[in-house]
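Notes follow the structure.
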Amino acid sequence: MAEEAENVPVIYLHEIKREYRQGEATLTILNGAKLALWAGQSVALVAPSGSGKSTLLHIAGLLETPDDGEVYVAGTPTSQLSDIDRTQIRRSDIGFVYQSHRLLPEFTALENVMLPQMIRGLKRSETIKRSQEILAYLGLGDRITHRPAELSGGEQQRVAIARAVANAPRVLLADEPTGNLDPGTAEHVFNALMQLVRATQVAMLIATHNMELAGRMDRRVSLVDGQVVEMD
Ligand code: ADP
Ligand code: MG
């Protein structure tokens, strides 16, 4: 099994097509896009605004369904699964980080990280312990009782990262996660993401406009005419 897992991409996007209808016109955003994401590999998705980065991430994260093509998660095709099964895979295998933190404002950092684990049915005492560990690992050990409004932008984003990895996903998808941060804070948040890839062997896909950060990742891809192209 372990050997098999190593030879199968964590996520494989096969011939993905996605169109949006705008009145009379049809916008083709993804047109046969193919991409394999591997365990332990960090991949930068660098492409202009409007080229379909968010669309690709949402499809890879099973948040949106493609018009054609298939999304494989650890070798399993997902297009024919029931909503319940897709939701199950999303909860256990996929972590998502957005440009804005999207934490629940009335909950503490600890509770925000506990929630996805509680939803999965883990015991409360276990989720507390695990959430404390993850937050401490990301340098937030002394911020666990703070609410989002009582945290800096970089701290909020690191809590969002902690929440995304709380269920030990196979893949972490991040949509311009440092886009709202100043350069120093962006550096800190980026380092947290890279540290997680090394420590947990999660696969990571980050949409970013930051070429300097992209240059420090394992691989760079772009979107050209709706297809994924390797940049180097
Ligand atoms: P990026 O993240 O690279 O900026 P997006 O994936 O957000 O690009 O969007 C790609 C294109 O698809 C854009 O032109 C956008 O306007 C269009 N688009 C995205 N979502 C929708 C939607 N729900 N309805 C219609 N057009 C959309
Ligand atoms: Mg986007």
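Both counts, for ligands and for their atoms, begin at 1 and track the order of listing.
The nearest protein atom to atom 8 (O) of ligand 1, hydrogens excluded, is given as G52 N, 3.2 Å; this is a heavy-atom distance. In terms of protein heavy-atom proximity, atom 27 (C) of ligand 1 is nearest to Y20 CD1, 3.2 Å. Atom 12 (O) of ligand 1 has its closest protein heavy atom at I29 CD1, 3.2 Å. The protein heavy-atom contact nearest to atom 25 (C) of ligand 1 is Q22 NE2, 3.1 Å. Of all protein heavy atoms, the one closest to atom 13 (C) of ligand 1 is G50 O, 3.7 Å. Scanning the protein heavy atoms around atom 9 (O) of ligand 1, the nearest turns out to be T55 OG1, 3.9 Å. The closest protein non-hydrogen atom to atom 7 (O) of ligand 1 is S54 CB, 3.6 Å.
Ligand 1 lies within reach of S51, whose nearest heavy atom is under 4.0 Å from it.
A distance of 7.5 Å separates CD1 in I59 from CG in D67, rounded to the nearest 0.5 Å. Here the straight-line distance linking atom CZ of R219 with atom CG of L45 works out to 10.5 Å at 0.5 Å rounding. If you take CG on D225 and CG on L30, they are separated by 11.5 Å, rounding to the nearest 0.5 Å.
When the shell of 6.0 Å around NE2 of H101 is examined, it contains more than 12 heavy atoms from other residues, nucleotides or ligands. The environment of CG in D83 is sparse: at most 12 heavy-atom neighbours from other residues, nucleotides or ligands sit within 6.0 Å.
Where the criterion is an N or O separation shorter than 3.5 Å, residue side chain and backbone included, S49 fails it with respect to ligand 1.
A 4.5 Å side-chain heavy-atom check between V229 and V221 finds every atom pair outside the cut-off. Looking at heavy atoms from C-beta onward, L172 lies in side-chain contact with V97 at the 4.5 angstrom threshold. For the pair L103 and R163, the minimum side-chain heavy-atom distance is below 4.5 Å.
Residue contacts with ligand 1, taken as heavy atom pairs separated by less than 4.0 Å, involve P48 solely via the backbone atoms N, CA, C and O. Looking at R21 against ligand 1, nothing comes within 4.0 Å, counting heavy atoms.
Near K53, meaning under 4.0 Å from one of its heavy atoms, ligand 1 places the atoms 1 (P), 2 (O), 3 (O), 4 (O), 6 (O), 8 (O).
Distance check on atom 23 (N) of ligand 1: some protein heavy atom falls below the 4.0 Å cut-off. Per-atom contact check: atom 15 (C) of ligand 1 does not touch the protein, criterion being a heavy-atom distance below 4.0 Å.
The aromatic rings of H58 and Y98 lie tilted to each other, with the angle between the two planes from 30° to 60°.
Inspection of the D175 and Q99 side chains reveals no N or O donor paired with an N or O acceptor under 3.5 Å.
Here Q99 does not reach the Mg ion (ligand 2): none of its N/O/S atoms is less than 2.8 Å from the metal.
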